[in-house]
Amino acid sequence: MEEEEWDTWTSPVEFFLLGLGNVPKLQMPLFLLSLMIYMVTMFGNILIVVLVVADRHLHTPMYFLLGNFSSVEIFYTSTILPRLLASFLTGDRTISVHGCMTQFYFFGCFAATECYLLATLSYDRYLAICQPLLYASLMNWKVCLQLAAGSWLAGLLMSTVVTWLFSQLQFCGPNAIDHFFCDFTPLLELSCSDTTVLTLVTFIICFLDVVFPFLFTLASYVCIIVAILRIPTSMGRQKAFSTCSSHLSVVTVFYGTLIIVNMMPRPDPLRQLNKMLLFFYTILTPMVNPLIYSLRNREVKGALGNTLRKTMA
């Protein structure tokens with residue numbers, strides 16, 4: 001096939017998301033399950049954002065960052081689930097090339113931002129527990145705003161670079177994406193261009209927006225745990241640990257499932273299992289996070305109670 005006969009954006013005109021369509025009897029149950037999870041996710045994360053904005057007791061750097069984290073979860077989930085819900089309901093699993101690239105761009109942007117925000121939250125907890133006397137000066141509002149803005153900007157820039165490189169590729173083979181959204185590896189498998197540069201750049205970016213934040217978060221919590229163990233009284237240790245337990249739970253769920261999904265081999269017999277794990281990872285994690293913060297955090301529960309009382313009054 002002559003190279004000039006294929007245009008990145010016009011051939012193919014659309015992709016076909018295979019998704020979970022090989023189990024037709026489960027389409028309606030999966031639709032109802034996904035709809036319920038999406039509604040709970042949106043409600044939980046929007047509630048966190050509203051509480052952080054409305055309750056003055058939560059006007060602190062930690063909760064400002066948490067509000068940003070919940071905002072990312074809202075956008076992150078909304079890049080995948082609405083299109084997936086439509087495919088479950090109508091059976092139409094086609095997506096335009098422009099739509100696919102748009103979904104790929106925003107998914108990468110919000111996923112990278114989430115990694116940096118988790119690292120920023122871990123740094124906040126490190127300062128609060130390991131450097132309590134310097135916390136107010138080291139984590140002032142100016143620094144907090146810069147860290148939050150930097151997290152969003154890093155996700156935006158890195159996703160822009162990868163998406164632009166992807167847009168230069170040619171897709172001149174089958175147009176069926178063996179996934180339920182436009183993800184990196186399934187899209188790469190369809191390209192007939194040389195992907196060496198894209199693969200190298202993506203590897204570097206993955207180190208910067210996944211591995212580096214993970215190692216930074218891990219190092220922060222090692223220091224936090226060491227500092228907590230040095231506290232002489234059990235009551236003091238319990239109080240110190242309670243201030244970071246909810247965030248540690250979110251980090252464990254996020255990176256634990258991410259490592260399991262990406263470390264699993266991808267031969268044909270395991271592809272469906274990998275897709276199912278990624279399905280639950282991408283839609284369940286954003287739902288679980290606000291539940292962890294609300295159920296394990298007394299200040300959030302207190303803010304919710306105050307807001308409800310004011311509303312009832």
Side-chain angles (χ1 to χ4, degrees), residues 17 19-21 23 25-55 58 62-90 93 103 106-107 109-111 113-115 117-118 121 155 179-183 245-258 260-261 274-312:
L17 293 166
L20 306 172
V23 279
K25 292 182 180 180
L26 293 179
Q27 298 306 291
M28 187 51 65
L30 285 172
F31 168 77
L32 295 174
L33 175 64
S34 300
L35 179 62
M36 181 187 69
I37 291 173
Y38 186 50
M39 292 174 65
V40 172
T41 299
M42 296 300 287
F43 175 78
N45 284 291
I46 290 173
L47 180 62
I48 294 290
V49 174
V50 170
L51 289 176
V52 170
V53 172
D55 194 292
L58 302 184
M62 172 184 165
Y63 289 106
F64 173 76
L65 294 171
L66 177 57
N68 276 264
F69 184 76
S70 290
S71 299
V72 170
E73 296 282 48
I74 293 169
F75 298 136
Y76 175 82
T77 308
S78 297
T79 62
I80 299 174
L81 269 179
R83 180 66 189 84
L84 186 61
L85 288 168
S87 68
F88 283 145
L89 193 61
T90 65
R93 297 195 293 276
Q103 186 185 59
F106 283 110
F107 176 79
C109 176
F110 298 133
T113 302
E114 189 168 16
C115 290
L117 282 174
L118 281 174
L121 278 162
H179 216 325
F180 56 89
F181 71 99
C182 295
D183 198 12
S245 59
S246 57
H247 179 234
L248 183 58
S249 300
V250 170
V251 169
T252 303
V253 170
F254 180 81
Y255 281 111
T257 49
L258 181 66
I260 291 172
V261 167
N274 186 274
K275 279 196 292 184
M276 288 300 295
L277 287 174
L278 193 57
F279 171 75
F280 286 107
Y281 164 67
T282 52
I283 69 173
L284 279 180
T285 305
M287 182 189 76
V288 170
N289 289 346
L291 295 176
I292 292 174
Y293 278 115
S294 61
L295 292 176
R296 300 185 57 143
N297 193 298
R298 286 176 299 193
E299 290 180 305
V300 172
K301 288 189 286 187
L304 178 59
N306 292 336
T307 304
L308 290 175
R309 282 192 293 272
K310 290 178 181 177
T311 303
M312 295 294 288

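- The backbone N or O of Gly67 lies less than 3.5 Å from no partner atom in the side chain of Ser70, so there is not a single donor-acceptor pair.
- Partners of Tyr38 under the side chain to side chain donor-acceptor pair (under 3.5 Å) rule, at least two apart in sequence or in another chain, are Ser78.
- Scored by the side chain to side chain donor-acceptor pair (under 3.5 Å) test, Thr252 finds no partners at all (sequence neighbours excluded).
- Note that the CG atom of Leu121 and the CZ atom of Phe64 stand 11.0 Å from one another [nearest 0.5 Å].
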Starting from the C-alpha separation in whole Å, work towards a yes-or-no answer on side-chain contact (heavy atoms from CB on, under 4.5 Å) for Arg83 and Phe181.
-> CA-CA 8 Å; Arg83 180 66 189 84; Phe181 71 99; over 6 Å; no

For Phe88 and Leu32, run side-chain contact (heavy atoms from CB on, under 4.5 Å): C-alpha distance rounded to whole Å, both residues' side-chain angles, the deciding distance at 0.1 Å, then the answer.
-> CA-CA 9 Å; Phe88 283 145; Leu32 295 174; over 6 Å; no

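- Taking CG from Leu89 and CZ from Phe31, the interatomic distance works out to 4.5 Å, rounded to the nearest 0.5 Å.
- The two residues Phe110 and Val72 come nearest to each other via the heavy atoms O-CG1, 3.3 Å.
- Remark: Tyr63 engages Asn297, Glu299 in a side chain to side chain donor-acceptor pair (under 3.5 Å) (not counting sequence neighbours).
- Here the shortest heavy-atom pairing between Arg93 and Ser87 reads CG-CB, 3.9 Å.
- Rounding to the nearest 0.5 Å gives a distance of 10.0 Å between CG of Leu33 and CG of Leu85.
- Scanning all heavy atoms of the two residues, the minimum distance from Asn45 to Glu73 falls at OD1-CB, 3.6 Å.
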Evaluate the criterion side-chain contact (heavy atoms from CB on, under 4.5 Å) for residue pair Leu81 and Leu84; output intermediate values, then yes/no.
-> CA-CA 5 Å; Leu81 269 179; Leu84 186 61; 4.1 Å; yes

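- For the pair Asp55 (side chain) and Leu51 (backbone), a donor-acceptor distance under 3.5 Å is absent.
- Scanning all heavy atoms of the two residues, the minimum distance from Ile80 to Phe180 falls at CG2-CE1, 4.0 Å.
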